[in-house]
Protein chains: 2
Amino acid sequence: MENGDVDRTLSLLWRRTLGVPQGSRGPKQRFSVDEVIRAGIAVADEEGLPAFSMRKVADRLGLKLMSIYTYVPSRDELIGLMVDEVMGDPGLPPHEGGWRERLTVVARQMWDEFHRHPWLLQVEQARPWIGPNGSDRYEWQLAAIDGAGFTDLEMDQVITLISDFTAASARADVAARRTAEQSGISDAEWWAVNAPVLERLMPLDAYPISGRVGTVAGEEYNAVRDSERSFRFGLDRIFDGLDQLLGSRPQPPQA
Amino acid sequence: MENGDVDRTLSLLWRRTLGVPQGSRGPKQRFSVDEVIRAGIAVADEEGLPAFSMRKVADRLGLKLMSIYTYVPSRDELIGLMVDEVMGDPGLPPHEGGWRERLTVVARQMWDEFHRHPWLLQVEQARPWIGPNGSDRYEWQLAAIDGAGFTDLEMDQVITLISDFTAASARADVAARRTAEQSGISDAEWWAVNAPVLERLMPLDAYPISGRVGTVAGEEYNAVRDSERSFRFGLDRIFDGLDQLLGSRPQPPQA
DNA sequence: ACCAAATACCGTGAGGCATACGGAGTTAGG
DNA sequence: CCTAACTCCGTATGCCTCACGGTATTTGGT
């Protein structure tokens, strides 16, 4: 990663505050970087990241493959730009209520976003690019718990905790949905095919607890797993834990 | 996914209890499925999942590309087999102490495993294959909190919570390490290159909290982020939350 | 008014990937 | 001892990213 590359990428990310550095000579570009990014998002939304290709982005715009590279230096950069772009979509509503309510909003925003753009979960960021929308959001997330009584260090850790857990839950949920949809096989049908084979394979007495828990969970969920419910369960536990942490120290002036 | 495929894959996963169904005619295979799986794990350990290819597995064994397909039906199946294989490595030590200690061991085992085999985090399971080692581990994980006072439903949710959070934390940590190593650029150097550009781009007063928190975190961590520490912080909060849940109900006979 | 520099767009090709298919050689059951 | 069944592999198809160089277009400078 060269210094110039850093400049190039950051310039693209912050293009709105920086302006697009159009040279004046030569033909104008038929599209804008934003249109390329939006086309990329559309492709990724529809087909997922593994099937996301530069050719499809080009096709969608009516360009030929290699022209995309005049807008964006590489596939990875384009994906980085797409990530920051979608982070700007939902807006950052003003915080209301106590930190518990606020953190719920923070988590729910991420959860929804992962469901709107499941490919976000498949992005492997080499080094996280610091873009305007990501920065704004981080500031907004921190603001949700500012003054609640956490130390500065803890504030970062709390946001990390919520983000990490939400991402992992969403990952499980999205994976389950995608599989059900694209394979055309529901959980129930999948079990119908697998269960008899597994019953033959798995020594019955080797899994007493899994058997008990799995049966109860299956009946309760009407599915192998209810990710939404697990998400809420986890979030509630985490909030209780944070409560405990705050309760163990002198209260801040105003909650 | 046809019925026969299910059989084929499950047969491979449970090959130890089932025996490898060798037809008797024709030349014997030069290797075993296990050797292919181990070769695959070696490749993935060294190069990561994106660079993992059937050709490299073949090369490592001294076979030609297409011969691999006589052992294993496809790349995805091979990866599934690799996943269950590594889950058998660390063994399942007998549980000791209270549920807090036990869950710490459960989480730590996963954390370590994700660091030993970072490609586990990149695996996109379509439908999770139920293999022997995965099943054993799930049973062992449930056993860690059996009798602690959780309902059966909660037991599943607790293990999901710990697993999800651990995976997400490990993902962040592994990503940070990988980037630092393979780009040859340390966090400090990365900041040295990016900071001046960002200072020019980011309106200073737009990020008051991020600025304050980021500075404190940076000094405390000696890095942009200390994933290990965030992991422990999150785990402690989660345990406190679970404690709260258990405290709010009649105690079980024996803790 | 005209030329040359700068730029967008695109054709081609190199090198990578998974995997379908069919052929050649090998082994053992009948 | 023949032939079915099996392993191994060469080849081909159809994807992918991206480097490179060619051509057409636009405009600043003269």
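Note that these values count all heavy atoms, side chains included, but never hydrogens, waters or copies made by symmetry. Note on naming: letters A, B, ... go to the chains in the order of the sequence lines (proteins, then strands), and numbering restarts at 1 for each one.
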Engineer: Name the nucleic acid region contacted by A/Tyr71, choosing base, sugar-phosphate or nothing; use a 4.0 angstrom heavy-atom cut-off, strictly under.
Structural biologist: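 Contact class for A/Tyr71: sugar-phosphate only.
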Engineer: Any Lys/Arg nitrogen of B/Arg108 or B/Glu228 sitting under 4.0 Å from an Asp/Glu carboxylate oxygen of the other?
Structural biologist: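 Looking at B/Glu228 together with B/Arg108, the answer is yes, because their closest N to O distance falls below 4.0 Å.
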Engineer: Rounded to whole Å, how long is the line connecting atom CZ of A/Phe52 with atom P of C/dC17?
Structural biologist: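 It is 21 Å, rounded to the nearest whole Å.
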Engineer: Can you identify which nucleotide, out of C/dC9, D/dT7, D/dT17, has its nearest atom closest to the A/Arg75 side chain?
Structural biologist: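 Nearest listed nucleotide: D/dT17.
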Engineer: Looking at B/Thr70, I'd like to know whether one of its side-chain N or O atoms comes within less than 4.0 Å of OP1 or OP2 on D/dT7.
Structural biologist: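 No, outside the criterion.
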Engineer: Applying a 4.0 Å non-hydrogen cut-off, can you work out what B/Ser53 is touching in the nucleic acid: base, sugar-phosphate, or nothing?
Structural biologist: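 Since only primed, P, OP1 and OP2 atoms lie under 4.0 Å of B/Ser53, the category is sugar-phosphate.
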Engineer: Give each protein N/O atom lying under 3.5 Å from an N/O atom of nucleotides 25-27 of chain D, with the pair distance.
Structural biologist:
unit_1: D/dT26; atom_1: O2; unit_2: A/Gly26; atom_2: N; d: 3.0

Engineer: Could you list, one pair per line, each protein nitrogen or oxygen that sits under 3.5 Å from a nitrogen or oxygen of nucleotides 10-14 of chain D, together with the distance?
Structural biologist:
none

Engineer: If you compare every side-chain N and O of A/Ser67 against the phosphate oxygens of C/dC10 (OP1, OP2), does one of them come in below 4.0 Å?
Structural biologist: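 It does, given that an N or O in the side chain of A/Ser67 lies less than 4.0 Å from OP1 or OP2 of C/dC10.
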Engineer: Which heavy-atom pair separates B/Arg55 from B/Leu65 by the least distance, and what is that distance?
Structural biologist: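 Answer, listing the atom of B/Arg55 first, then B/Leu65: N-CD1, 3.6 Å.
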Engineer: Which one, D/dC9, D/dT17, C/dC9, comes nearest to the side chain of B/Leu63?
Structural biologist: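 In terms of side-chain proximity for B/Leu63, the closest of D/dC9, D/dT17, C/dC9 is D/dC9.
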Engineer: Measuring from atom NE2 of A/His117 to atom CD of A/Glu113, what distance do you get when rounded to the nearest 0.5 angstrom?
Structural biologist: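 These two atoms lie 6.0 Å from each other.
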Engineer: Aromatic contact between B/Phe231 and B/Trp111, with the criterion being ring centroids under 6.0 Å apart: yes or no?
Structural biologist: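 Between B/Trp111 and B/Phe231, which both carry aromatic rings, the centre distance is below 6.0 Å.
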Engineer: For the pair made of CD1 in B/Ile68 and P in D/dC8, what is the distance, rounded to whole Å?
Structural biologist: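 It is 9 Å, rounded to the nearest whole Å.
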Engineer: Determine, for B/Asp34 against B/Arg16, whether the closest basic-nitrogen to carboxylate-oxygen distance falls under 4.0 angstrom.
Structural biologist: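 B/Arg16 and B/Asp34: salt-bridged.
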Engineer: What heavy-atom pair brings A/Ala168 and B/Asp164 nearest, and what distance separates the two atoms?
Structural biologist: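 Here A/Ala168 and B/Asp164 meet closest at CB-O, 3.1 Å.
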